[in-house]
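Only heavy atoms go into these numbers, but all of them, side chains included; no hydrogens, no water, no symmetry mates. Every chain is numbered from 1, with letters handed out A, B, ... down the list of sequences.
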Protein chains: 2
Amino acid sequence: MEVPQIDPQGPVPPYQQIADWLRQQIIAGELRPGQVIPSEKDLVDLFGVARTTARRTVALLREEGLVRTVPQRGTYVTSPD
Amino acid sequence: MEVPQIDPQGPVPPYQQIADWLRQQIIAGELRPGQVIPSEKDLVDLFGVARTTARRTVALLREEGLVRTVPQRGTYVTSPD
DNA sequence: GTGTATTTGTTCGTATGTATC
DNA sequence: CGATACATACGAACAAATACA
């Protein structure tokens, strides 16, 4: 999976940059409802960030209602309202 | 858990206001020796402060010897001297 | 059935940058 | 300038449930 480089110094914090990318993947249909998004560890490895940062990203998308997290399973793309 | 509203503008800094409340809970026996006090995140959510503020609160109580923090476990009420 | 890896949940430790009073 | 507060980030450890060989 190819991911954009994130800019740790930019005005947009890394966790938001990653969220922006995931959001786009969802909107573009690369990640469809019911599908699992990259795990926290995946995001850590893909973007080279700490797990706490990856968790913030997922938390943000969850707050936006774009995804649903199932403990010990993963985080899934939500069906559009 | 019900908590008092803190006054961010008052003369007493939020971290002290929260510490005051926790100290009273301990003295009143609501929080007994060996019991875990609310985590930093709990305090963040309960009082609507930043984690650093919650951390300062716990640090204060720790300096006072009222609590003991065990890494990766939590912060516990200390037995009375 | 048993062990191992995966994944999320939770917690604390530490640091940097910005802003306000 | 110092104290306080907030936002963000990285690191580390342990728990618990699930998945799988």
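- In this structure, B:Glu64 and B:Arg23 have side chains that are in contact, with non-hydrogen atoms separated by less than 4.5 Å.
- Side-chain N/O atoms of B:Thr75 include one lying less than 4.0 angstrom from OP1 or OP2 on C:dC12.
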Produce a footprint string for nucleotides 16-21 of chain D: one letter per nucleotide, 5' end first; B if the base is under 4.0 Å from any protein heavy atom, S if only the sugar-phosphate is, - if neither.
-> BBSS--
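- Dashed line: the shortest gap from a side-chain N or O of B:Tyr15 to OP1 or OP2 of D:dT4 is under 4.0 Å.
- The nearest pair of heavy atoms linking B:Val58 to B:Thr75 is CG1-OG1, 3.8 Å.
- Within the 4.5 Å cutoff, the side chain of A:Leu66 has no heavy atoms near those of the A:Thr78 side chain.
- Checking the phosphate oxygens (OP1, OP2) of D:dC6, no side-chain nitrogen or oxygen of B:Arg51 falls inside 4.0 Å.
- Counting only heavy atoms from C-beta outward, the side chains of A:Ile18 and A:Val3 never approach each other to under 4.5 Å.
- The side chain of B:Val49 approaches D:dC6 more closely than any other nucleotide in the set C:dC12, D:dT4, D:dC6.
- Atom CG of A:Leu60 is separated from atom C1' of D:dA9 by 15 Å (rounded to the nearest Å).
- Note on B:Arg56: only backbone sugar-phosphate atoms sit closer than 4.0 angstrom, heavy atoms only; bases stay farther off.
- At whole-Å resolution of the value, CD1 in B:Ile18 and C1' in D:dT4 are 13 Å apart.
- Among the atoms of the strands shown, none is found under 4.0 Å from any heavy atom of A:Val58.
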Give the table of side-chain donor-acceptor pairs shorter than 3.5 Å for residues 31-50 of chain B, with sequence neighbours excluded, one pair per line with atom names and distance.
{"unit_1": "B:Arg32", "atom_1": "NE", "unit_2": "B:Gly29", "atom_2": "O", "d": "3.3"}
{"unit_1": "B:Gln35", "atom_1": "OE1", "unit_2": "B:Arg32", "atom_2": "N", "d": "2.9"}
{"unit_1": "B:Ser39", "atom_1": "OG", "unit_2": "B:Lys41", "atom_2": "N", "d": "3.4"}
{"unit_1": "B:Ser39", "atom_1": "OG", "unit_2": "B:Asp42", "atom_2": "N", "d": "3.0"}
{"unit_1": "B:Ser39", "atom_1": "OG", "unit_2": "B:Asp42", "atom_2": "OD2", "d": "3.2"}
{"unit_1": "B:Glu40", "atom_1": "OE1", "unit_2": "B:Arg51", "atom_2": "NE", "d": "2.9"}
{"unit_1": "B:Glu40", "atom_1": "OE1", "unit_2": "B:Arg51", "atom_2": "NH2", "d": "3.1"}
{"unit_1": "B:Glu40", "atom_1": "OE1", "unit_2": "B:Arg55", "atom_2": "NH1", "d": "3.3"}
{"unit_1": "B:Glu40", "atom_1": "OE2", "unit_2": "B:Arg55", "atom_2": "NH1", "d": "2.8"}
{"unit_1": "B:Lys41", "atom_1": "NZ", "unit_2": "B:Asp45", "atom_2": "OD2", "d": "2.7"}
{"unit_1": "B:Asp42", "atom_1": "OD2", "unit_2": "B:Ser39", "atom_2": "N", "d": "3.0"}

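- Comparing B:Thr52 and A:Ala54 along DNA chain D, the residue whose closest nucleotide (by nearest heavy atom) sits nearer the 5' end is B:Thr52.
- For A:Thr69, whose side chain is taken as the heavy atoms from C-beta onward, the closest listed nucleotide among C:dT11, C:dG9, C:dC12 is C:dG9.
- Here the side chain of B:Pro14 is nearest to one of D:dT8, D:dT4, C:dT10, namely D:dT4.
- Summary of the strand contacts: A:Gly48 and B:Gln16 both lie near DNA chain D, and taking for each the nucleotide with the nearest heavy atom, the more 5' one is attributed to B:Gln16.
- Rounded to an integer number of Å, the gap from CD1 of B:Ile6 to C1' of D:dT4 is 12 Å.
- Closest to the side chain of B:Glu40, from the set C:dG9, C:dG13, D:dT4, is C:dG13.
- Residue B:Ala50 places its side chain closer to D:dA7 than to any other of D:dA7, C:dC12, D:dT8.
- Sequence neighbours left out, not one pair with a member in residues 10-19 of chain A passes salt bridge (Lys or Arg N to Asp or Glu O under 4.0 Å).
- Side-chain contact between B:Val70 and B:Tyr76: present, with at least one pair of heavy atoms (C-beta onward) separated by less than 4.5 Å.
- For the pair A:Tyr76 OH and C:dT8 C1', the interatomic distance rounds to 11 Å; values are reported in whole Å.
- Distance, B:Lys41 NZ to D:dT8 C1': 16 Å, rounded to whole Å.
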